[in-house]
Amino acid sequence: MLCAIYKSFLKNETYLFIKKRDDFSTVPKMLLTQFGKPQLVSLLNLKKDQKMAIACAKKVITEIQVNGFYLQLPPPPINYLEEHKKMKKNSSNKVKISNED
């Protein structure tokens, strides 16, 4: 599926995929208002088995076919404190083996 990809000036790492270049008729007005003026990034011939950085190509294609667009939001920020706590908990749960005789 050939699609156009636009990035948002207002929302960092937010992208909008649509079927036809510069045809935003299927995108809700409220979304476009929050998205800001779209800047064309690329035209892409997307295939269902294609690897993408964040989104699943099959889902993107389905969303464009059903809703007329796909909105890619940035991944949630990493909570380094929680990651550290998990790592510390996992390391303390490991059984320590002693070589004492």
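Note that this is a predicted model, so its numbers are computed, not measured. Hydrogens, waters and symmetry mates play no part in the numbers below; they use all other heavy atoms, side chains included.
Within the 4.5 Å cutoff, no side-chain heavy atoms of F35 are placed close to those of K11. At least one side-chain heavy atom of L31 sits less than 4.5 Å from a side-chain heavy atom of F69. The side-chain heavy atoms of T14 and P74, taken from C-beta on, include a pair separated by under 4.5 Å. The shortest distance between side-chain heavy atoms of F24 and L32 falls below 4.5 Å. Contact check for K89 versus K86: no side-chain heavy atoms found under the 4.5 Å cut-off.
When all heavy atoms of A55 and Q72 are compared, the pair lying nearest together is CB-OE1, 3.7 Å. Of all heavy-atom pairs between E13 and P75, the closest is OE1-CD, 4.0 Å. Residues L10 and Q34 come closest through the heavy atom pair CD1-O, 3.7 Å. Across every non-hydrogen atom of I18 and D22, the tightest pair is CD1-N, 4.1 Å.
Under the 4.5 Å side-chain heavy-atom criterion for ILVMFWY residues, no single connected hydrophobic cluster contains both I54 and L71. Both Y15 and Y70 are part of a single hydrophobic cluster, where members link through side-chain heavy atoms under 4.5 Å apart. Two different hydrophobic clusters hold L40 and L44 under the rule that ILVMFWY side chains link at heavy-atom gaps under 4.5 Å. The hydrophobic cluster containing M52 also contains I5, counting ILVMFWY residues as joined when their side-chain heavy atoms lie under 4.5 angstrom apart, directly or transitively.
From T26, atom OG1 reaches atom CG of N67 across 8.5 Å, with rounding to the nearest 0.5 Å. Separation of atoms SG (C56) and CD (E63) is listed at 10.5 Å; rounding is to 0.5 Å. Atom-to-atom distance recorded for K88:NZ and N90:CG is 13.0 Å, nearest 0.5 angstrom. A distance of 6.5 Å separates CD1 in I61 from CE in M1, rounded to the nearest 0.5 Å. Summarising the geometry, atom CG belonging to N12 is positioned 9.0 Å from atom NZ belonging to K7; distances are rounded to the nearest 0.5 Å. Here the straight-line distance linking atom CG of L2 with atom NZ of K20 works out to 11.0 Å at 0.5 Å rounding.
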Check step by step if ring pair (Phe, Tyr, Trp, His ring centres under 6.0 Å) holds for F17 and Y6.
-> CA-CA 6 Å; F17 293 69; Y6 293 83; 9.7 Å; no
What do the steps show when you test C3 against I64 for side chain to side chain contact (heavy atoms under 4.5 Å, CB included), and what is the final call?
-> CA-CA 9 Å; C3 64; I64 293 172; 4.1 Å; yes
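Under the 3.5 Å distance criterion, the side-chain polar atoms of Q50 are matched with a main-chain donor or acceptor of K47.
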